[in-house]
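A quick write-up on the structure given underneath.
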Amino acid sequence: MAKRNPGGKARLKLVRVGLGRVLLARLCLAEGKTLQAARARLGASVSSDYLAFDGQVFRVSHDLAIDRVVKLLGERCELVYDPNLGNTTGADPAVLPNPWPMKSLPVRDPLAKPLIYMARVWHPEMAESLAFQIPDREDDCRRDDLEIAFDRELPAARAWRRDRKDLDRVPVTVVADHYEPRVHDVLDRLYDCWWDEFLAGEEWSVLPHPEPTQYPVRALSEADFFSLEVEPFGPIDEINLAYREKKEDYLNNRISAEEWLDVDVAYQRIRRHHFPSEPDLPDNVVAPVAVVRRLRELLPGHERDRVRWFHAFCYPLGGVPADLVRESAGEERVLRYLRDVPALLPGGAFTPS
C-alpha cells in the first residue's frame, strides 16, 4: 500500500493524453477517503459532461476544465506526472509532455515487467505461505492492481497480506495464510518473478522452492557484497563487522528501511553460499536419534547439508541447534520445530555474531 508523504497529502498521479484534451488521474487504494472527497469537490466544480470516474481512475475530457481540475487536486494531493498511466489504463498512448510545475516520473517500457523477489516460507500461525518483495517502490498503481487481484481471486484466504515485524518501514509481504499456485497466476500477470530464499528475516522459516520451477533463482553475486560495502568474496570477519555496522545504522535511522532490507537479504545469501574456508565441523550430526531421523527426512541429500544446518544459527529457535540439544528443554524445542516445519534449507557456515 502506498504511504502518505511527510506533508500529509495523498499522492495522485496524472497524465495528459491524446491531443491534450484528456486528463487521466489515479489515486492509490490507501487514499480512498481522499478519492471520495476529490470526487465530491470535482463534481461540484466541473460539468459531468466532461468528468468520468472508473474505479480508482478519473478522466477529464475538456481542455477548458483540465487546468481547473489540476488546481483543485493540487490543493488536496501531492501531484506527480506519470506518463506510464496512459498504458496502464488502456487510454490513447499519445502521452504529452508535462505542462505543469510538478515532478515527472520516467517512462517505462510498456512490455517490460518489474522485477519481484519471492520465497516460500513457513510460520506456525500461517503454515506454508509465499513472501515477496517488490523492489520498484514508485509504481503505486501496479501494486494497487495486485491488491485488487488478490482480493478478487483469492477470497478463501483469511488475509492476503502480512508484513515482516522487523521491517515495519518497508513492505515484505506474505500472500494469504496458505500457499497455492493461483498466487503465481496473479503475480505473473504483473511482474517478472524470481525465487529469493532470503526474505524471511527472523520470523519465518525459509522453505526450498518447488522443483522443477519455471522461475529463475537469485544467486550470490558481487552485488551482495557491495550492499555491505565489503570486498567481494572476502574474509568472513569483515563481512560480519560490516553487517553489524549496517544494522546499527538502521536501528538509529541513519539508513532507510529499503536499504536495510537489501543489506539483510544480501548478508543471509552470503552466509549460506560463501565459504572462504570450511568451518571446523564434525562429519556427522551428533544428536538424539529422533532429531537425526527428522533431519534426514527434511534434508535427504548430503550429510554435509545436515551438519551445516545443525551448527548454524536458527532464528526461529533463537540459537544454534547443536547447542540447544545439550539440554532436555532445548532438545524438545528443536524436535518440536523439526516436526512442525515442512522443509529446510541447508544452514550457513557461521552465525551473525
Side-chain angles (χ1 to χ4, degrees), residues 105-106 108-109 111-121 130-139 142-143 163-164 166-167 169-174 187-188 190-209 211 213-279 308 312-313 315 345-353:
L105 298 181
R108 297 187 299 269
D109 181 353
L111 300 179
K113 294 181 179 180
L115 189 64
I116 193 174
Y117 295 124
M118 58 187 184
R120 286 176 63 215
V121 297
L130 186 76
F132 65 86
Q133 175 212 2
I134 305 173
D136 182 6
R137 294 145 190 142
E138 282 289 343
D139 199 349
R142 191 181 295 266
R143 286 200 294 269
D163 296 336
R164 271 177 55 173
D166 61 323
L167 287 169
R169 287 177 279 157
V170 63
V172 174
T173 300
V174 170
L187 292 175
D188 289 345
L190 296 168
Y191 295 98
D192 177 18
C193 300
W194 285 62
W195 288 115
D196 186 346
E197 60 196 26
F198 301 108
L199 294 177
E202 302 179 7
E203 296 179 60
W204 312 323
S205 298
V206 185
L207 306 180
H209 60 74
E211 293 285 2
T213 180
Q214 71 186 77
Y215 304 105
V217 181
R218 194 177 184 187
L220 180 66
S221 69
E222 291 187 352
D224 294 310
F225 296 91
F226 294 150
S227 294
L228 278 83
E229 300 182 7
V230 296
E231 177 185 354
F233 305 98
I236 294 301
D237 290 343
E238 294 182 8
I239 295 170
N240 280 338
L241 177 60
Y243 177 78
R244 290 196 296 270
E245 291 175 348
K246 288 287 188 181
K247 187 171 186 177
E248 185 73 16
D249 288 342
Y250 169 66
L251 294 176
N252 289 280
N253 294 313
R254 290 193 290 266
I255 63 175
S256 68
E258 289 85 357
E259 182 178 348
W260 167 245
L261 175 61
D262 294 339
V263 168
D264 186 52
V265 172
Y267 179 71
Q268 293 181 60
R269 188 177 298 107
I270 292 170
R271 283 202 305 125
R272 197 177 300 279
H273 296 293
H274 177 47
F275 305 115
S277 60
E278 278 292 323
R308 282 176 176 166
F313 187 88
Y315 279 114
L345 287 170
F350 53 95
T351 63
S353 57

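- For the side chain to side chain contact (heavy atoms under 4.5 Å, CB included) test, residues two or more places apart in sequence or in another chain that qualify with Glu245 are Leu241.
- For the pair Asp192 and Lys113, the salt-bridge criterion is not met [side-chain N within less than 4.0 Å of a carboxylate O].
- When only modelled atom types and interatomic distance are considered, Asn240 and Tyr267 share a side-chain donor-acceptor pair under 3.5 Å.
- In this structure Leu190 satisfies the side chain to side chain contact (heavy atoms under 4.5 Å, CB included) test together with Arg142, Asp145, Leu146, sequence neighbours excluded.
- Scanning for side chain to side chain contact (heavy atoms under 4.5 Å, CB included) contacts around Asp188 gives His184, Cys193, Gln214, Tyr215, with sequence neighbours left out.
- By the ring-ring contact (aromatic ring centres under 6.0 Å, His included) test, Phe226 is found to be paired with no residue, residues two or more places apart in sequence or in another chain being considered.
- Legend: residues meeting salt bridge (charged side-chain N to carboxylate O under 4.0 Å, His left out) with Asp249, ordered by chain and number and at least two apart, are Arg254.
- Put simply, the side chain of Leu187 reaches to within 4.5 Å of the side chain of Ile116, judged on heavy atoms.
- The side-chain hydrogen bond (donor to acceptor under 3.5 Å, both in side chains) pairs that include a residue from residues 228-238 are Glu229-Lys246, where partners are two or more places apart or lie in different chains.
- Annotation: side chain to side chain contact (heavy atoms under 4.5 Å, CB included) contacts of Leu220 (sequence neighbours excluded): Asp224, Phe225, Phe233, Arg269, Ile270, His273, His274.
- Between the side chain of Asn252 and the main chain of Glu248, a donor-acceptor pair closer than 3.5 Å is present.
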### Message
The test is side chain to side chain contact (heavy atoms under 4.5 Å, CB included); show your working for Glu259 and Tyr250 and say whether it passes.
### Response
CA-CA 9 Å; Glu259 182 178 348; Tyr250 169 66; over 6 Å; no
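- To the nearest 0.5 Å, atoms OG (Ser256) and CG (Asp262) are separated by 8.0 Å.
- What you find for Val263 and Leu228 is that their closest heavy atoms are O-CD1, 3.9 Å.
- Contact of the Asp196 side chain with the Met118 side chain is not registered, since no non-hydrogen atoms from C-beta on lie closer than 4.5 Å.
- Considering only residues two or more places apart in sequence or on other chains, Thr213 meets the side chain to side chain donor-acceptor pair (under 3.5 Å) condition with Trp195.
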